[in-house]
Amino acid sequence: MSRKLIAANWKMNGSLAQCRELLPPLASVARDSLPLVVCPPACYLPTVAALAADSALQVGAQDAAQHDAGAYTGEMSAAMLRELGCQYAIVGHSERRHGLGETDDMVAAKAAACLRHGLTPIICIGETQAQYEAGQTADVVERQVKAVLARVVAEDLVKTVFAYEPVWAIGTGLAATPEQAQAVHASIRALLTQAGGGEAAKRVPVLYGGSVKAGNAASLFAMPDIDGALVGGASLVAAEMVAIYQAGLNTFQLD
Ligand SMILES: O=C[C@H](O)COP(=O)(O)O
């Protein structure tokens with residue numbers, strides 16, 4: 001299995017009409033050799049799963065509860081998301097960490113809940129602008145990765161995906177340079193090696209997110225430790241998302 005992967009995070013955008021407009025072009029280009037995961041708002045998951053059904057497209061949620069069931073109004077469990085047709089769930093997106101107060105430990109618990117129910121967690125990590133300017137990127141990323149490692153055993157680590165998303169690059173049009181992102185990705189890979197041995201380092205995709213678009217995707221994908229992208233704004237434009245995916249098909253060495 002290739003460790004490359006590209007995911008679209010629609011955030012709180014879209015409509016039923018947009019699902020019907022955005023899915024067919026993606027379904028027609030998606031290949032098994034490079035997983036393409038669409039993460040719409042939860043209410044559109046059944047529609048997106050139905051539209052993806054006869055293609056190689058895969059479906060992901062934007063969040064998953066840390067608990068399996070109970071009195072947690074508004075939450076959706078990993079098992080429920082599986083029933084809706086999800087194979088993946090994003091956890092720990094910075095908009096939830098910083099906007100909704102999710103802690104490192106909550107994010108790690110969400111990743112563990114996904115793994116208990118056969119969902120692949122796409123675990124987001126990354127420093128804020130203030131942390132970046134204070135030279136704290138390496139420490140922040142290490143702390144966020146280690147919180148996950150404290151809850152996920154090495155055997156399960158190979159079933160995860162990490163996404164490095166510097167908060168200052170999200171939705172700003174100011175992507176990290178390929179070299180900046182590569183340096184952080186290499187440090188994440190080193191942490192995975194320490195925790196899970198060579199197997200985890202070899203198999204866990206480490207995606208980059210933050211202002212990825214058709215124009216910069218290929219240069220990011222050319223870096224040895226950048227295994228794909230978690231795309232926000234550009235994923236709402238079918239032609240952009242198709243072009244980003246095609247940059248992956250053209251740049252990555254796929255099995
Ligand atoms: O999950 C996606 C990221 O937050 C990136 O968003 P963006 O591509 O709009 O910068």
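Read the numbers this way: they start at 1 and go in the same order the structure lists the ligands and their atoms. Below, each value reflects all heavy atoms present in this structure, side chains not excepted, and no hydrogens, waters or symmetry copies.
Atoms of ligand 1 found under 4.0 Å from any heavy atom of H93, numbered from 1 in the order shown, are 1 (O), 2 (C), 3 (C), 4 (O). Here is the list of ligand 1 atoms found below 4.0 Å of a heavy atom in A169: 10 (O). Every atom of ligand 1 with a heavy atom of G233 under 4.0 Å away is listed here by number and element: 7 (P), 8 (O), 9 (O). Against a heavy-atom cut-off of under 4.0 Å, G210 is close to the following atoms of ligand 1: 5 (C), 10 (O). The ligand atoms of ligand 1 that sit less than 4.0 angstrom from a heavy atom of G171 are 7 (P), 9 (O), 10 (O). Interface atoms of ligand 1 facing G232, defined by a heavy-atom separation under 4.0 Å, are 2 (C), 5 (C), 6 (O), 7 (P), 8 (O), 9 (O). Under a 4.0 Å criterion applied to the non-hydrogen atoms of K11, ligand 1 contributes the atoms 1 (O), 2 (C), 3 (C), 4 (O), 5 (C), 6 (O).
Distance check, rounded to the nearest 0.5 Å: CD of Q144 to SG of C124 gives 9.5 Å. The structure places CZ of R143 at 13.0 Å from CG of L191, a figure rounded to the nearest 0.5 Å.
Side-chain polar atoms of H117 and D68 form a donor-acceptor pair below 3.5 angstrom. No side-chain donor-acceptor contact under 3.5 Å links Q180 and Y208. If you check the side chains of H93 and E102, you find no donor sitting under 3.5 Å from an acceptor. E133 and W168 share no side-chain donor-acceptor pair at under 3.5 Å.
Counting heavy atoms from C-beta outward, R189 and F162 have side chains that stay 4.5 Å or more apart. Using a 4.5 Å heavy-atom cutoff, the side chains of K110 and R96 are in contact.
Ligand 1 has no nitrogen or oxygen under 3.5 angstrom from a nitrogen or oxygen of A234. Among the atoms of V231, none of the N or O lies under 3.5 angstrom from an N or O of ligand 1. Between N9 and ligand 1, at least one N/O pair is under 3.5 Å apart.
Atom 2 (C) of ligand 1 has E165 OE2, 3.2 Å as its closest protein atom, hydrogens excluded (heavy atom only).
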